[in-house]
Amino acid sequence: MERTHTCGGLRESNVGEQVVLMGWVAKKRDFGVFTFIDLRDRDGVTQVVVSEETSPDAHAKAKYLRGEFVIAVKGEVVSRAAGTHNKKLATGDIEIKVSELLILNDAKVPPFQLEVAGSENLADESTRLKYRYLDLRRPQLQHNIRMRAKAVAKIREYFDNRGFIEIETPILLKSTPEGARDFIVPSRIHTGKFFALPQSPQILKQITMISGLDRYYQIARCFRDEDLRADRQPEFTQLDMEMSFVNREQVYREMEGMFNHVLKLIDVDLPTEWPRLTYAEAMRRYGSDKPDLRFGMELIDLSAELKDTDFPPFAETLSKGGEIKAIVVKGKADYSRKQTDELQEYVKRYGAGAMAWIKVGDETTSSLLKVLGEEKITELASTAGAEKGDAVLIVAGRRSVVAAALGALRNEVARRENLIDRSKYECLIVTEFPMFEHDDETDTYVAAHHPFTSPMDEDLEMFKQAIENPADHHLLGQVRAKAYDAVINGYECAGGSIRIHQKEVQALNFKALGMTPETARSRFGFFLDALEYGTPPHGGFAAGIERTCMILVGTENIRDVMAFPKTASAQDLMMDSPGEVDEAQLNELGIKVAGPRE
RNA sequence: GGGGUCGUAGUUCAGUUGGUUAGAACGCCAGCCUGUCACGUUGGAGGUCGCGGGUUCGAGCCCCGUCGGCCCCGCCA
């Protein structure tokens with residue numbers, strides 16, 4: 001028996017055809033003398049009818065069927081009787097009148113129900129992860145996995161058409177202490193030495209430019225041994241690309257082009273040229289370098305208004321160069337004490353000491369009423385642009401804290417108050433990221449993007465000055481980079497930069513990062529050598545495949561777009577990894593486990 | 001490393017102030033049923049209340065510890 005159709009495709013126009021379907025028993029409805037079976041495969045569900053009268057053999061077998069049994073049915077496509085059409089099924093106008101039924105395989109009772117009315121009541125995720133192969137049978141996950149395949153195909157199509165060459169780079173690389181923690185792999189042949197898995201193919205893709213390949217791309221698996229999040233897994237996939245002889249705008253064009261091509265999969269038309277926002281402006285207006293532009297609620301600076309205040313927390317903040325900023329929540333003057341308390345708790349996670357509020361109701365009330373007085377409160381509300389009925393939420397503190405706290409609060413309030421239009425797709429490119437971030441713990445500057453990022457031409461003099469004069473070292477914090485991110489709906493979907501192609505600038509950069517020439521050489525010597533043999537100007541970007549797919553299928557969880565994801569504690573519950581290895585394997589590698597085993 | 005939250009039948013959940021035999025729905029098992037599609041109907045099985053300890057005459061419920069899922073902070077060049 002050969003399958004002739006899948007379970008999603010048969011329609012009224014197929015009536016009269018003899019067909020063979022194969023799939024899983026999704027549901028059985030037994031009426032004694034005949035039985036309905038909902039037969040499911042990756043394309044959909046088709047109802048098949050087995051009648052005792054017309055096919056006694058098949059009917060006898062149908063008695064034994066249970067959920068998830070694998071069967072083949074042969075029969076005629078028939079139109080359903082009037083009044084028995086099922087509008088919920090794409091195939092609901094027809095059914096299969098079965099003449100032959102084969103049980104291809106039986107199945108144990110699944111540990112959880114695959115189909116639950118209303119997708120909200122899914123079984124516990126750890127159970128579903130242990131039986132991932134069953135969870136993956138759910139139509140939603142089938143759809144997500146197929147959407148991911150389509151997205152990757154679109155990406156390949158885009159870059160192939162644009163003259164890019166797909167190049168695979170090694171998975172076994174050399175560890176560099178920069179950036180994220182490496183996953184390391186012991187070498188058997190070189191006992192005591194280790195490979196590292198790529199955090200990204202960064203240096204190698206730059207070397208393909210030095211090699212004259214001109215336009216590179218790769219669907220690259222990346223590995224980072226850091227803690228997980230709803231949108232972060234220890235291994236993930238990037239679209240990685242690099243091009244020679246280009247400026248930033250040329251790279252933006254490819255980012256826009258690629259995403260616009262991919263988003264067509266869900267009939268979304270993004271603008272040919274995306275809005276641009278500098279990092280500084282994004283932080284100022286949204287408190288985030290990846291603002292969600294599907295709603296407004298921009299941050300408003302109240303510092304000037306409060307410059308003469310004697311309220312100690314505010315006065316102290318301002319005297320230390322901090323800021324006092326606010327967001328206005330439309331129509332929420334009726335926030336209860338409990339709600340503002342909750343929002344205050346939320347904001348404290350980001351280091352804010354407190355959150356003040358003003359409610360412009362019939363009367364204007366405020367947590368600051370006693371300390372600032374009614375007049376000042378009214379003035380502040382008006383400066384913030386609050387109208388009657390609105391709430392103003394205020395945070396004071398260091399610039400970075402205010403941005404983090406209010407940026408997160410802006411998203412949280414939008415989520416709570418349903419301010420986000422799920423049918424909208426808002427994209428932008430954030431430009432001119434800082435070159436360096438200050439590490440408060442060690443009082444050093446670290447690369448904000450990666451150590452091969454080119455500074456802005458305008459800032460090159462300041463960069464040199466900061467390094468040559470120790471007194472001007474702090475200027476490093478002001479140096480901007482030719483680095484950029486692509487942001488869709490508040491997700492950082494891609495990031496990249498124009499790279500340094502002159503060895504002098506590269507040396508300067510290593511120095512800024514506190515690396516001696518010797519250290520730099522021991523870590524990146526091969527790359528520094530390569531830079532000296534005629535490196536073209538080049539740049540590129542890397543896009544997160546999973547984050548892009550999350551947008552395509554409308555989920556907030558990365559596990560929904562990966563076939564075999566890991567838990568928040570970085571385990572695979574299905575294969576139970578990571579696992580122990582034999583003593584013999586360790587001996588062969590010359591490895592002894594020093595710490596206590598779990 | 002830190003914080004929050006959840007953990008009761010195969011699954012989703014309820015379980016009062018600490019009180020006799022821990023419930024419901026779905027699923028599962030057995031029967032009946034000629035048009036269902038959340039089929040209906042009759043009957044039945046199914047529990048280490050995550051685990052360990054403590055308080056108490058008595059703990060699913062209170063306390064301490066621990067394990068696991070999820071979310072967040074730190075971390076993620």
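Values below: every heavy atom of this structure, side chains too, minus hydrogens, waters and symmetry copies. Residue numbers start from 1 in every chain, and the chains themselves are labelled A, B, ... in the order their sequence lines are given, proteins ahead of strands.
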**Asked** With a 3.5 Å cut-off and just heavy-atom distances, do the side chain of A/D227 and the base of B/rG74 make a donor-acceptor pair?
**Response** yes
**Request:** With RNA chain B as reference, determine whether A/F112 or A/V49 sits nearer its 5' end, using the nearest nucleotide of each.
**Result:** A/F112
**Asked** Rounding to the closest angstrom, what is the interatomic distance between B/rU8 and B/rG44 at atom C1'?
**Response** 22 Å
**Message:** Over all strands shown, is A/R229 touching base, sugar-phosphate only, or nothing at heavy-atom distances under 4.0 angstrom?
**Reply:** base
**Rounded distance in Å between the P positions of B/rC62 and B/rC29** = 37 Å
**Request:** With a 3.5 angstrom cut-off on both distances, give the Watson-Crick or G-U wobble partner of B/rG18, or none if there isn't one.
**Result:** none
**Message:** At less than 3.5 Å, do the side-chain atoms of A/R80 and the base atoms of B/rC37 form a donor-acceptor pair?
**Reply:** yes
**Message:** Under 4.0 Å, heavy atoms only, any strand: does A/E492 hit a base, just the sugar-phosphate, or nothing?
**Reply:** nothing
**Separation of B/rC37 P from A/H85 NE2 (nearest whole Å)** = 15 Å
**Prompt:** Nearest to the side chain of A/T84 - B/rC70, B/rC28, B/rU36?
**Reply:** B/rU36
**Asked** Which one, B/rC73, B/rC71, B/rC75, comes nearest to the side chain of A/Y350?
**Response** B/rC73
Sequence neighbours excluded and cut-off under 3.5 Å, please list the side-chain donor-acceptor pairs for residues 201-208 of chain A, or say none.
residue	atom	partner	partner atom	Å
A/Q202	NE2	A/Q206	OE1	2.9
A/Q202	NE2	A/H450	NE2	3.2
A/K205	NZ	A/D240	OD1	2.7
A/K205	NZ	A/M241	O	3.1
A/K205	NZ	A/E242	OE1	3.4
A/K205	NZ	A/F541	O	3.4
A/Q206	NE2	A/H538	NE2	3.1
A/T208	OG1	A/K205	O	2.5

**Request:** Can you sort out which residues in residues 21-37 of chain A have a heavy atom within less than 4.0 Å of RNA chain B? Ascending by number, please.
**Result:** A/K27, A/R29, A/D30, A/F31, A/G32, A/V33, A/F34, A/F36
**Request:** Have a look at A/P451 and say if it touches a base, only the backbone sugar-phosphate, or nothing, with a 4.0 Å heavy-atom cut-off.
**Result:** base
**Prompt:** With sugar-phosphate meaning primed atoms plus P, OP1 and OP2, does A/S200 contact a base, only sugar-phosphate, or nothing at under 4.0 Å between heavy atoms?
**Reply:** base
**Prompt:** If you check every side-chain atom of A/Q47, which of B/rG35, B/rG69, B/rU11 has the closest atom?
**Reply:** B/rG35
**Prompt:** Which listed nucleotide (B/rG69, B/rC72, B/rG10) is nearest to the side chain of A/Q113?
**Reply:** B/rG10
**Request:** Start with the C-alpha distance between A/T519 and A/T516, add both sets of side-chain angles, then the distance that settles side chain to side chain donor-acceptor pair (under 3.5 Å), and finish with yes or no.
**Result:** CA-CA 5 Å; A/T519 312; A/T516 63; 2.6 Å; yes
**Asked** A/D576 CG to B/rG68 C1': how many Å, rounded?
**Response** 13 Å
**Request:** Would you classify A/A568 as touching base, sugar-phosphate or nothing, given that sugar-phosphate means primed atoms plus P, OP1 and OP2, and contacts are heavy atoms under 4.0 Å?
**Result:** sugar-phosphate
**Spacing of the P atoms in B/rC6 and B/rG46 (rounded, Å)** = 31 Å
**Asked** When you compare B/rA59 with B/rG19, how far apart are their C1' atoms, in angstrom units rounded to a whole number?
**Response** 10 Å
**Asked** How long is the line joining NZ of A/K130 and P of B/rG10, in whole Å?
**Response** 13 Å
**Fill in**
CD1 of A/I558 to CZ of A/R232, rounded to nearest 0.5 Å, is 10.0 Å
**Item:** Identified pairing partner of B/rG47, criterion: Watson-Crick or G-U wobble below 3.5 Å
**Value:** none
**Item:** Distance, P atom - from B/rG40 to B/rA22, rounded to whole angstrom
**Value:** 29 Å
**Asked** Which one, B/rC70, B/rU36, B/rC75, comes nearest to the side chain of A/E95?
**Response** B/rU36
**Request:** Taking atom types as modelled, find out whether A/Q47 and A/T91 have a side-chain donor-acceptor pair closer than 3.5 angstrom.
**Result:** no
**Request:** Scan residues 485-497 of chain A for pairs that pass side-chain hydrogen bond (donor to acceptor under 3.5 Å, both in side chains), counting only residues two or more places apart or in two chains.
**Result:** A/S497-A/R499
**Asked** Using a cut-off of 4.0 Å on non-hydrogen atoms, how would the nucleic acid contact of A/R128 be classed: base, sugar-phosphate, or nothing?
**Response** nothing
**Request:** Check the distance between B/rG1's C1' and A/R181's CZ and give it to me in whole angstrom.
**Result:** 10 Å
**Nearest-nucleotide pick for A/N86, side chain only, options being B/rC37, B/rU11, B/rG1** = B/rC37
**Message:** Using atom P in both nucleotides, what's the gap between B/rC49 and B/rG60 to the nearest angstrom?
**Reply:** 8 Å
**Item:** P-based separation of B/rG53 from B/rC61 [nearest Å]
**Value:** 14 Å
**Message:** When both hydrogen-bonding distances must be under 3.5 Å and the geometry is Watson-Crick or G-U wobble, what is B/rA30 paired with, if anything?
**Reply:** B/rU42
**Fill in**
B/rG7 -> Watson-Crick or G-U wobble partner, both distances under 3.5 Å, gives B/rC67
**Fill in**
Rounded to whole Å, CZ of A/R224 lies from P of B/rC75 at a distance of 15 Å
**Item:** Qualifying residues under ring-ring contact (aromatic ring centres under 6.0 Å, His included), relative to A/F524, sequence neighbours excluded
**Value:** A/F452, A/F510
**Request:** With a 3.5 angstrom cut-off on both distances, give the Watson-Crick or G-U wobble partner of B/rG23, or none if there isn't one.
**Result:** B/rC13
**Gap between atoms CG and P, on A/L122 and B/rC13 respectively (whole Å)** = 10 Å
**Message:** Regarding A/D38 and A/K27, does a basic nitrogen lie under 4.0 Å from an acidic carboxylate oxygen?
**Reply:** no
**Prompt:** Mind checking what makes ring-ring contact (aromatic ring centres under 6.0 Å, His included) contact with A/F34, not counting sequence neighbours?
**Reply:** A/F31, A/F36
**Request:** Let me know the distance between NZ of A/K63 and P of B/rC33, rounded to the nearest Å.
**Result:** 11 Å
**C1' gap between B/rC26 and B/rC39, integer Å** = 14 Å
**Request:** Quick one: pull up CD in A/E412 and CD in A/E342 and give me the separation to the nearest 0.5 Å.
**Result:** 9.0 Å
Listing, residues 57-69 of chain A side-chain donor-acceptor contacts under 3.5 Å, not counting sequence neighbours, or none:
residue	atom	partner	partner atom	Å
A/H59	NE2	A/G32	O	2.9
A/K61	NZ	A/L101	O	2.8
A/R66	NH1	A/K63	O	3.4
A/E68	OE1	A/R40	NH2	2.9
A/E68	OE1	A/R137	NH1	2.8
A/E68	OE2	A/R40	NH1	3.2

**Message:** Measure CD1/A/I558 against P/B/rC70 and give the value in whole Å, please.
**Reply:** 13 Å
**Message:** By nearest atom, which of the nucleotides B/rC72, B/rC76, B/rC71 is closest to the A/R232 side chain?
**Reply:** B/rC76
**Nearest-nucleotide pick for A/K88, side chain only, options being B/rC70, B/rA38, B/rC72** = B/rA38
**Short side-chain N/O contact to B/rC37 OP1/OP2 from A/R40, under 4.0 Å** = no
**Prompt:** For A/E345, which contact category applies under a 4.0 Å heavy-atom criterion: base, sugar-phosphate, or nothing?
**Reply:** nothing
**Prompt:** If you look at every heavy atom in A/P451 and A/I500, which pair is closest and at what distance?
**Reply:** O-CD1, 4.2 Å
